[in-house]
Structures are given as C-alpha cells and as structure tokens.
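We name chains A, B, ... by the order of the sequence lines, and we start the count at 1 in each one.
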There are 2 protein chains.
Amino acid sequence: MDTPHPGRADREGGAGPGLDEALLLDSQICFSLNAASRAFTALYRVVLKDLGLTYPQYLVMLVLWEDGTTPVKHLGERLRLDSGTLSPLLKRLEAAGLIRRQRSAADERSVHVHLTPEGVALREQARLVPRRVAAATGFDHHDARTLRTLLTRLTGALDEAARPETAPPGTR
Amino acid sequence: MDTPHPGRADREGGAGPGLDEALLLDSQICFSLNAASRAFTALYRVVLKDLGLTYPQYLVMLVLWEDGTTPVKHLGERLRLDSGTLSPLLKRLEAAGLIRRQRSAADERSVHVHLTPEGVALREQARLVPRRVAAATGFDHHDARTLRTLLTRLTGALDEAARPETAPPGTR
DNA sequence: CACATTTTGATTGTGCACAACTGAATTGTG
DNA sequence: CACAATTCAGTTGTGCACAATCAAAATGTG
C-alpha cells in the first residue's frame with residue numbers, strides 16, 4: 001500500500017557514505033520494532049478480551065500464578081516495571097476482584113499482592129492463551145530463537161549506550 | 001541478576017507436550033520485543049534531549065523534512081499513527097514553534113502541516129542522530145537485515161491473526 | 001540513643017497508543 | 001436539488017511508560 005518506514009531522508013549534504021546506512025540501521029529497526037510490539041499488543045487485546053485483562057495485567061497474573069503471594073518489588077523486578085506503572089495497574093486488578101494488596105506485618109513498607117479465588121480461577125480460562133498467541137506468530141523454534149537472540153543482544157547494547165555516566169568501562 | 005522473563009508457569013495439568021513450548025514462543029518473544037522497544041525509546045530520549053523531541057515527534061519531523069508540507073492523513077499513513085495520537089503530538093510541535101497547521105483551501109476537512117524556519121533549522125542539529133543510534137545498536141548490516149526481516153514477517157502474521165472476521169482465507 | 005542513609009511503595013505529571021464518538025465537508029445516488 | 005455515505009480531524013476516556021518527588025520504615029553510624 002504505502003511505504004511503512006519514515007526514513008531515507010538523506011541526499012542533502014553528501015556528508016559521507018554512512019548516512020543512508022545509518023538511517024537504515026536505526027530508524028527502520030526501531031520502527032519495525034515498534035510496529036511488531038504494537039501488533040503483539042493488539043493481538044493480546046483480542047485474545048485477552050474475554051478475560052478482561054490487558055497484556056501487562058496478564059503478565060502480572062502470570063507471575064502471581066507461578067510465584068503466589070509476592071511483594072510489589074518482586075513484580076517490578078520480574079517484569080521490569082516500576083511503581084509508577086504497577087501501582088495503578090494493581091489497583092485496577094484489585095478493583096476487578098482478581099487480587100488483593102496487603103501491607104506486610106514484618107516490613108510495614110512492603111505491600112504483598114495475593115490472588116483472590118477469582119484470580120486463581122482465571123488461570124483455567126487463560127490456559128489456551130499462550131498457544132493461541134504462539135500459533136499466531138507463525139514462528140517455529142528456530143525463528144523464535146533467532147529473534148530472541150537478536151533482541152536480547154540489541155537490548156543489552158542499547159541499555160549500555162543509554163547511560164552516559166554510569167560505569168562506562170574506562171571512567172574511574 | 002534475576003530471571004527476566006515471566007513465563008515457565010506450566011507443569012500443572014500435563015495437558016500435552018506443547019505447553020512450555022508455547023510459553024517460550026509467545027511470552028518470551030513479546031517480552032523481549034517490548035524490552036527492546038523500550039530500550040530504543042530510552043536511547044532516543046537521551047539522544048534527542050538536546051533537540052527537545054520525543055521519538056514519535058522525531059519521526060514526524062523526519063517525514064516533514066523529507067516530504068515537506070503534508071496533510072495529517074499522510075503523516076498517519078507513513079507512521080501508522082491515528083489522529084488520536086497525532087493531534088496532540090502536532091499541537092505540542094506547534095507549541096514548540098517547529099511546525100504550523102493550516103486548513104487546506106481546496107478541502108476544508110484536510111489540515112496541512114508545514115515546517116517553520118525553526119523546524120527547518122532543526123534538521124541540521126538532527127543530522128548526527130541516526131549515526132549515534134545506529135552505532136549504539138552494535139549491529140552490522142547483516143544483523144539489521146535479519147532482524148528487520150523477522151520483525152516484518154512477525155508483524156504481518158500478527159496483524160493477520162488479530163482480525164477475526166476481515167477476510168480469513170478459508171472462512172466462508 | 002540520635003541522626004543520616006537506604007529501601008519501598010505511592011503519587012503526580014507528561015507523553016504515547018488506541019477505541020469510540022463528534023462534526024464538518026466532500027462525494028455518490030436518486 | 002435533497003439526502004445518505006464516506007472522509008478527515010478533532011476530542012474524550014482508558015491504560016501504559018517513565019521521571020521526579022514524597023513519606024514511612026528499616027538500617028547504619030557515631
């Protein structure tokens with residue numbers, strides 16, 4: 001239909017041979033990455049509609065189904081989400097009757113999250129979700145492995161580059 | 001440090017050999033996809049800080065630098081963004097003095113976006129952005145090509161699967 | 001014990017994605 | 001011409017990501 005990528009805006013100064021290459025490497029990768037990420041979210045929106053969950057909420061439920069009662073801190077570590085995301089998300093899950101939050105007796109700062117019976121029961125309804133989503137990707141193990149390897153390497157390199165002062169190898 | 005992926009929550013019913021495979025294929029791909037996407041956004045946040053742009057705003061500017069004055073509709077097609085996202089984004093760009101919006105004389109429904117002199121001038125400051133980001137990925141052409149091919153294929157398959165009624169090939 | 005530091009979660013504010021709706025203008029049809 | 005359908009932006013509301021800030025509790029140090 002139309003060109004999906006925004007780039008190829010070079011041809012001005014002729015400032016060297018690396019410009020369009022750079023645009024290919026950064027804009028198009030980031031763009032197709034965002035597109036795939038949003039397509040995944042859209043598919044999850046369809047698949048999780050009957051459960052009344054969004055994808056991040058589903059991730060939280062996955063952790064709770066596996067690990068049981070857990071502090072908010074642990075959820076943030078498992079899912080790489082901070083409290084600014086988790087707090088309202090957990091409130092919505094509590095309002096939906098799936099979880100309950102409770103301050104720890106041992107450490108009054110810590111809030112423990114546990115499933116309600118409704119939350120436990122939802123696991124049965126969610127059993128087919130992974131298979132449906134995996135089937136929708138059309139990927140076999142080899143594809144999935146290649147993709148995950150590339151993404152992991154990419155994320156590591158980007159994380160490394162994003163912090164200018166925190167421990168660049170020669171700064172001491 | 002800890003396990004980055006939320007999955008591996010099987011081992012309950014023993015309902016067949018495909019369960020952990022499915023979790024590997026869906027949760028972990030989607031998860032690492034989101035992680036990479038957010039890492040990219042975080043890097044762009046650092047790189048674009050001096051320009052006062054976010055990544056989606058930078059994409060809009062790329063299109064304008066390349067295509068010149070263009071209707072909002074065209075921006076949405078190039079970037080796959082709808083008006084609910086573009087309208088406030090363009091307002092912020094206009095408030096920043098980089099663009100101006102103007103109703104078309106020919107078709108009063110259409111709004112044309114054009115760059116201000118400040119918006120044109122910003123292009124010079126943005127020239128090094130693609131190279132900086134591309135360098136941060138650590139990817140060569142082969143890696144980038146492999147990744148983009150996989151992502152494009154994945155997005156296509158997900159888009160296809162996300163619509164239940166719109167022309168699935170065998171449904172009659 | 002008194003006091004600074006760290007940890008933990010919540011809160012606030014900004015920006016983006018998306019669905020649903022509104023409203024104006026064009027186009028198609030009788 | 002009248003009227004329905006379509007197109008195009010905009011608005012509203014919900015949810016997520018993230019930065020900055022705050023408060024309370026635990027911990028460390030003199």
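Contact annotation: B:K91 reaches the phosphate of D:dT11 (side-chain N/O to OP1 or OP2, under 4.0 Å). In this structure, A:R101 does not reach the C:dG9 phosphate: none of its side-chain N or O atoms is under 4.0 Å from OP1 or OP2. For A:S110, no side-chain nitrogen or oxygen approaches OP1 or OP2 of D:dA25 to under 4.0 Å.
Counting non-hydrogen atoms of other residues, nucleotides and ligands closer than 6.0 Å to CD of B:Q125 gives a total above 12. When the shell of 6.0 Å around CZ of A:R100 is examined, it contains 12 or fewer heavy atoms from other residues, nucleotides or ligands.
Between A:K73 and B:A106, it is A:K73 whose nearest contact on DNA chain C lies nearer the 5' terminus. For the pair B:T41 and B:G84, both in contact range of DNA chain D, the more 5′-proximal nearest nucleotide belongs to B:G84.
Under 3.5 Å, the side chain of B:R109 and the base of D:dT7 form at least one donor-acceptor pair of N or O atoms. Applying the 3.5 Å distance criterion, the base of C:dA10 shares a donor-acceptor pair with the side chain of A:S83.
Comparing atom distances between the B:S87 side chain and each of C:dT11, D:dC16, D:dT11 picks out D:dT11 as nearest. Comparing C:dC16, D:dC16, C:dC18 by their closest approach to the side chain of B:D82 singles out C:dC18.
Using bins of under 30°, 30° to 60° and over 60° for the plane-to-plane angle, the ring pair B:Y44/B:Y58 lands in the tilted bin.
The interatomic distance linking A:H74 (NE2) with C:dG9 (C1') rounds to 16 Å, in whole Å. Here C:dG13 presents its P atom at 16 Å from CZ of B:R92, a figure rounded to the nearest Å. Nucleotide C:dA24 holds its C1' atom 10 Å from the CD atom of B:E108, rounded to whole Å. Distance B:D107 CG to C:dA24 C1': 10 Å, rounded to the nearest Å. Following rounding to the nearest Å, A:L90 (CG) and C:dT11 (P) show an atom-to-atom distance of 12 Å. Across the protein-nucleic acid pair, A:L79 atom CG and C:dG9 atom C1' stand 16 Å apart, rounded to whole Å. Going from atom CZ of B:R103 over to atom P of C:dT26 covers 11 Å, rounded to whole Å. If you measure from atom CD of B:E94 to atom P of C:dG15, you get 15 Å, rounded to the nearest angstrom.
Among the heavy atoms of the strands lying under 4.0 Å from A:P71 are primed sugar atoms or P, OP1, OP2 only; no base atom is included. Residue-level contact check: A:L89 touches the backbone only, with heavy atoms under 4.0 Å from sugar-phosphate atoms and none from bases. At a threshold of 4.0 angstrom between heavy atoms, the contacts of A:T54 are confined to the sugar-phosphate backbone, with no base atom among them. Among the heavy atoms of the strands lying under 4.0 Å from A:L81 are primed sugar atoms or P, OP1, OP2 only; no base atom is included.
Screening B:L33, B:T155, B:N34 against A:F40 for a side chain to side chain contact (heavy atoms under 4.5 Å, CB included) leaves a single residue, B:L33.
With respect to A:R78 and A:E66, a salt bridge is recorded, a charged nitrogen being found less than 4.0 Å from a carboxylate O. A salt bridge between A:E94 and A:K91 is absent, with no side-chain N of the basic residue lying under 4.0 Å from a carboxylate O of the acidic one.
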